[in-house]
Amino acid sequence: MIRRRPALLAALTLTAAAATTLSACGSSVDSPGQRGDKTARAGTDSDPSTSPTVSVPVEVDRPEITLPADVTYKFEWGRTGDPVKDAVLHDAEQRIRAVDMAIAEQDPLHKAYRFYSEGEAAAGSEQYIQDFVDHKARTTGLTRYYGESVNVEDDGTAALVYCEDQSKSFNKFIQTGKTEVTPATKDSYVVYAGELRKNSKGVWVTERLVSERGSTKCRP
């Protein structure tokens with residue numbers, strides 16, 4: 001059985017802001033092998049993808065991200081008014097989309113998600129994508145992101161905490177086209193805490209990421 005949106009990494013050291021936020025939620029960080037009860041996205045919701053418009057440096061040659069029509073998002077990350085924080089949110093969003101593209105294309109080493117992640121985060125994403133490949137499945141439907149908090153440090157790093165609502169998300173098996181619909185539970189709501197670093201290209205790459213399912217911070 002595939003598991004939806006695992007914690008991409010085991011326990012690791014976060015910046016103080018991210019670690020404090022996650023521990024305040026009663027953090028119990030999953031390991032890559034302890035997946036939650038959902039793996040993909042629900043294909044039955046027609047809500048359009050939404051996200052804030054963020055200024056992105058035009059000189060950066062970013063990978064094109066193309067997803068199946070039934071993979072949609074609702075990013076409730078509003079503009080902060082701080083161009084640096086907005087850039088962090090933009091690149092974190094692109095990483096999320098890039099991972100789903102790699103799943104759809106069944107490529108655990110896809111260059112798009114590796115453009116937006118490095119180190120432990122990239123390794124965790126590779127394992128997550130490989131799980132879908134092994135089961136010949138992909139994501140489908142609507143996923144909502146909200147409750148974001150960004151802290152940027154002077155050393156070119158940032159801490160990002162955000163929530164994910166997987167209640168309209170499911171697995172879709174490629175060979176049969178069947179969607180595995182499961183009911184929403186408290187584990188459909190996940191809190192993430194990550195560390196990002198601005199690289200030489202001016203891209204905010206995710207280096208570390210941990211998560212907790214069923215967080216009271218994210219549950220409705």
Side-chain angles (χ1 to χ4, degrees), residues 5-22 27 29-35 51 54-67 73 75 77 82-134 139 143 145 148-164 190-212:
R5 280 287 179 224
L8 298 184
L9 299 174
L12 42 83
T13 302
L14 294 177
T15 61
T20 300
T21 303
L22 193 53
S27 174
V29 180
D30 297 336
S31 70
Q34 294 172 317
R35 314 269 173 167
S51 61
V54 178
S55 298
V56 180
V58 295
E59 69 273 10
V60 178
D61 185 16
R62 295 169 179 266
E64 181 179 359
I65 298 177
T66 304
L67 291 159
Y73 309 87
F75 285 91
W77 296 348
D82 183 319
V84 178
K85 290 183 177 180
D86 288 343
V88 171
L89 290 170
H90 175 273
D91 290 349
E93 175 183 331
Q94 293 304 100
R95 180 193 58 78
I96 291 168
R97 294 177 184 271
V99 168
D100 283 334
M101 179 170 69
I103 290 170
E105 297 183 6
Q106 299 282 279
D107 183 359
L109 294 175
H110 202 292
K111 66 179 182 180
Y113 83 81
R114 290 188 291 146
F115 184 88
Y116 290 103
S117 59
E118 295 178 0
E120 293 171 315
S125 292
E126 179 183 346
Q127 182 174 354
Y128 174 56
I129 297 161
Q130 184 64 56
D131 196 19
F132 280 89
V133 174
D134 292 343
T139 60
T143 308
Y145 295 92
E148 73 286 354
S149 175
V150 187
N151 289 282
V152 179
E153 305 297 333
D154 293 336
D155 62 358
T157 62
L160 172 62
V161 176
Y162 60 92
C163 293
E164 181 188 51
V190 188
V191 63
Y192 290 84
E195 283 186 354
L196 298 90
R197 176 183 54 81
K198 189 174 183 180
N199 67 14
S200 60
K201 297 178 181 179
V203 177
W204 286 93
V205 295
T206 300
E207 294 187 312
R208 299 180 177 89
L209 190 66
V210 295
S211 71
E212 180 200 347

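For this chain, numbers begin at 1 and follow the sequence in order. Note that the structure is a prediction, hence the values are computed from the model and not measured.
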Met101 CE to Gln94 CD distance, which is reported to the nearest 0.5 Å
9.5 Å
Please identify each residue that fulfils side-chain hydrogen bond (donor to acceptor under 3.5 Å, both in side chains) with Asp134, with sequence neighbours left out.
Gln130
Could you check whether any side-chain heavy atom of Thr66 comes within less than 4.5 Å of a side-chain heavy atom of Glu105, counting everything from C-beta outward?
no
Are Ile129 and Tyr113 close enough that some pair of their side-chain heavy atoms sits under 4.5 Å apart?
yes
Does Asp100 form a side-chain contact (heavy atoms from CB on, under 4.5 Å) with Tyr73? I'd like the steps, not just the answer.
CA-CA 11 Å; Asp100 283 334; Tyr73 309 87; 2.8 Å; yes
Residues at least two apart in sequence or cross-chain that pass side-chain hydrogen bond (donor to acceptor under 3.5 Å, both in side chains) with Thr206, listed by chain then number, are Arg95
With no hydrogens and no angle check, is any side-chain donor or acceptor of Arg114 less than 3.5 Å from a backbone partner on Leu109?
yes
So CZ of Phe75 and NE2 of His90: to nearest 0.5 Å the spacing works out to 10.0 Å
Spatial distance of atom CZ (Phe132) from atom CG (Asp107) [nearest 0.5 Å]
14.5 Å
d(Ile96 CD1, Tyr192 OH) to nearest 0.5 Å is 8.0 Å
Would you say Arg97 and Leu67 make side-chain contact, with heavy atoms under 4.5 Å?
yes
Do you know the tightest heavy-atom contact between Pro63 and Ala112?
CG-CA, 3.9 Å
With sequence neighbours left out, what residues match Asp154 under side-chain hydrogen bond (donor to acceptor under 3.5 Å, both in side chains)?
none
If you look at every heavy atom in Gly194 and Leu209, which pair is closest and at what distance?
CA-CD1, 3.8 Å
Interatomic distance, Phe115 atom CZ to Asp91 atom CG [nearest 0.5 angstrom]
8.0 Å
Let's go through Glu164 and Thr143 carefully: what are the C-alpha distance in whole Å and the side-chain angles of both, what is the deciding distance for side-chain contact (heavy atoms from CB on, under 4.5 Å) to 0.1 Å, and is it a yes or a no?
CA-CA 7 Å; Glu164 181 188 51; Thr143 308; 3.5 Å; yes
Give a yes or no answer on whether the side chain of Gln106 reaches the backbone of Ile103 with a donor-acceptor pair at less than 3.5 Å.
yes
Kindly compute the distance separating CG (Leu89) from OH (Tyr145), expressed to the nearest 0.5 Å.
13.5 Å
Nearest heavy-atom neighbours spanning His110 and Ala102:
CB-CB, 3.5 Å
